[in-house]
> 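I have a structure here, written as structure tokens, and I will follow up with some questions on it.
Any value given below was found using the heavy atoms of this structure, including those in side chains, with hydrogens, waters and symmetry copies removed. All residue numbers refer to positions in the sequence shown, counting from 1. Just so it is clear, the structure is predicted and the values come from calculations on it, not from any experiment.
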Amino acid sequence: MSQDLPTPPLAQAVLDHFERDAPKPVRKLIETADKDDILADDYPYAERMPKKPYWDAFDALQIELAKMQAWARRTGARIAVVMEGRDAAGKGGAIKRLRENLNPRWARVVALGKPTETEAGQWYFQRYVAHMPTAGEIVFFDRSWYNRGGVERVFGFSSDAERERWFLQTPEFEDMLVQDGVRLVKIWLTVGRAEQLRRFLARAEDPLKFWKLSPIDVEGLDRFDAYSDAIQEIFERTHRSAAPWTVILADDKRRARLAVIRAVLSGLDYDLRDPEAAGPPDPAICGDPLAIPLPRA
């Protein structure tokens, strides 16, 4: 860390958590691992993907994304990509790679903050409806209406009755989107506890990444299993054929980013598709949410 900048309180809280509160096996993993090592025992790869095959695949997929956007503009397709996952799982980084070569006029990110007083008094889904794509547009939701089933449950920001009503309405809301022609893609990124903490430490030690830390992030470090319980309920109650989840094990950012792009492209029958470049995502790290065990502390 730069000696010219004081350590912000949130960054210091992450460092203190690592020293005082993190389980000893987690600390040992982080302290002894090389930067390319995968920390999760059950991850199907021991090391992260080498740079050359990653960039070769990435460049080919960028061309496929450009083809897809041209198809969406020509046909008027409306595409909504819901990107969810644990804190530090790589949602923002994946979205950046999805849209970095797209025309920004027709590919935008929606990352809503805490509801305003007016929004809090509205139907829960109302503020998300206003951001749905128009003809020819791709919208990436960096977190979404699934906040109610995840962080709001873990931190008690909503009541049991409010969440039960939300669970009843979510399938109907998504069915309306799909029936109206919106191409809805739901992706969930998940990481193990050691990898999540390693990424938080990287943020706490880099002045350019301080802004990524929030009080919820820091408090959530001690609620890893509570998040797993909430995520499991979300999958059990909202994973349906009309609006399925794709879960991606994101302990390796490179593999995860390729899998995210392929998961988006695989559900769209765009022109001039290259089946070799835009094939299905790696089944070793990607699949049905009810078949992939969630990591526990």
Side-chain angles (χ1 to χ4, degrees), residues 40 42-43 80-91 94 110-115 119-120 122-129 141-178 184-197 214-251 256 259-260 263 281 285-297:
D42 55 353
Y43 195 76
V81 179
V82 171
M83 191 70 67
E84 286 284 355
R86 290 184 183 272
D87 297 326
K91 299 179 292 298
V110 174
L112 302 183
K114 180 180 178 181
E119 290 170 335
Q122 297 172 341
W123 177 47
Y124 185 78
F125 297 92
Q126 188 165 335
R127 68 181 187 142
Y128 296 102
V129 171
F141 286 92
D142 188 349
R143 295 199 179 277
S144 67
W145 48 95
Y146 281 94
N147 281 339
R148 174 134 293 180
V151 66
E152 290 191 22
R153 169 181 162 169
V154 173
F155 285 91
F157 295 155
S158 57
S159 67
D160 291 344
E162 287 173 324
R163 286 193 305 281
E164 183 60 28
R165 182 167 61 250
W166 175 83
F167 271 120
L168 292 174
Q169 292 182 354
T170 295
E172 296 179 351
F173 173 65
E174 293 178 352
D175 283 348
M176 286 190 289
L177 294 176
V178 174
L184 180 62
V185 182
K186 301 192 306 187
I187 297 174
W188 197 288
L189 301 181
T190 185
V191 292
R193 185 173 186 178
E195 179 60 32
Q196 182 190 52
L197 181 53
S214 73
I216 291 294
D217 292 338
V218 175
E219 291 184 46
L221 288 171
D222 290 320
R223 307 189 190 198
F224 194 87
D225 284 349
Y227 270 109
S228 292
D229 293 338
I231 294 166
Q232 188 65 45
E233 184 179 23
I234 286 173
F235 291 162
E236 290 173 354
R237 301 188 66 176
T238 67
H239 175 61
R240 302 169 304 111
S241 59
W245 280 106
T246 296
V247 175
I248 297 173
L249 305 179
D251 296 76
V260 166
I285 64 166
C286 177
D288 187 316
L290 301 182
I292 296 179
L294 292 172
R296 296 281 173 173

> Any idea which heavy atoms bring V82 and S144 closest together, and the distance?
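Closest pair (atom of V82, atom of S144, distance): CG1-OG, 3.4 Å.
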> Could you walk me through whether M83 and V185 pass the side-chain contact (heavy atoms from CB on, under 4.5 Å) check?
CA-CA 8 Å; M83 191 70 67; V185 182; over 6 Å; no
> Is there side-chain contact between T190 and V247, with at least one heavy-atom pair below 4.5 Å?
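In short, these two side chains touch, coming nearer than 4.5 Å.
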> Would you say that E164 contacts D160 through its side chain, given a criterion of any heavy-atom pair below 4.5 Å between the two side chains?
no
> Are side-chain N/O atoms of D225 and S228 paired as donor and acceptor at under 3.5 Å?
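Checked: D225/S228 side chains show no N/O donor-acceptor pair below 3.5 Å.
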> Please find the pair of heavy atoms, one from V154 and one from A230, that lie closest to each other, and give the distance.
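Minimum heavy-atom contact is CG2-CB, 4.2 Å.
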> With the threshold set at 4.0 Å, does a side-chain nitrogen-carboxylate oxygen contact exist between R153 and E233?
yes
> What's the shortest heavy-atom distance between C286 and P281, and which atoms?
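Reported closest heavy-atom pair: SG-CG, 3.5 Å.
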> Side chains of I216 and V151: closer than 4.5 Å at any heavy-atom pair?
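Answer yes - side chains close enough.
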> Do E162 side-chain atoms and S159 backbone N/O form a donor-acceptor pair below 3.5 Å?
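Flag set: sc E162 to bb S159 pair under 3.5 Å.
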> Taking 4.0 angstrom as the limit, do R143 and D87 come out as a salt bridge?
yes
> Is the closest side-chain heavy-atom distance between V129 and F173 below 4.5 Å?
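In contact.
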> Rounded to the nearest 0.5 Å, what separation is found between the CG atom of L177 and the CZ atom of F125?
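With rounding to 0.5 Å, CG (L177) is 9.5 Å from CZ (F125).
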> Would you check, one step at a time, whether the test side-chain contact (heavy atoms from CB on, under 4.5 Å) holds for F155 with R223?
CA-CA 9 Å; F155 285 91; R223 307 189 190 198; 3.4 Å; yes
> At what distance, to the nearest 0.5 angstrom, does CG of L249 lie from CD of E195?
12.0 Å
> Please tell me whether W188 and Y146 form a close aromatic pair, meaning their ring centres lie under 6.0 Å apart.
no
> Do K91 and D142 have side-chain heavy atoms sitting under 4.5 Å apart?
yes
> Under the criterion salt bridge (charged side-chain N to carboxylate O under 4.0 Å, His left out), I'd like the reasoning laid out for E152 against R163: C-alpha separation, chi angles, the key distance, then a yes or no.
CA-CA 9 Å; E152 290 191 22; R163 286 193 305 281; over 6 Å; no
> Do S158 and Y124 have side chains that get closer than 4.5 Å, going by heavy atoms?
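S158 vs Y124: side chains apart.
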> Could you check whether any side-chain N or O of D175 sits under 3.5 Å from a backbone N or O of E172, counting only pairs where one atom can act as donor and the other as acceptor?
no
> Do R237 and T170 pass the side-chain contact (heavy atoms from CB on, under 4.5 Å) test, and can you show the C-alpha distance, the side-chain angles, and the key distance before you say yes or no?
CA-CA 9 Å; R237 301 188 66 176; T170 295; over 6 Å; no
> For E84 and W145, does a side-chain donor sit closer than 3.5 Å to a side-chain acceptor?
no
> Donor-acceptor pair, distance only, cut-off 3.5 Å: does the side chain of K186 make one with the backbone of A243?
yes
> Kindly indicate whether the side chain of Q196, heavy atoms from C-beta on, has any atom under 4.5 Å from the side chain of R86.
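Touching, per the 4.5 Å side-chain cut-off.
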> Any idea which heavy atoms bring P295 and F224 closest together, and the distance?
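Heavy atoms of P295 and F224 come nearest at O-CE2, 3.4 Å.
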> For K114 and E119: C-alpha separation, side-chain torsions, deciding distance, then whether side-chain contact (heavy atoms from CB on, under 4.5 Å) applies.
CA-CA 9 Å; K114 180 180 178 181; E119 290 170 335; over 6 Å; no
> Heavy-atom distance under 4.5 Å between the side chains of I234 and W245, does that happen here?
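The answer is yes; the side chains approach within 4.5 Å.
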> May I ask you to decide if Y43's main-chain N or O and D251's side chain share a donor-acceptor pair within less than 3.5 Å?
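No, D251 side chain to Y43 backbone: no donor-acceptor pair under 3.5 Å.
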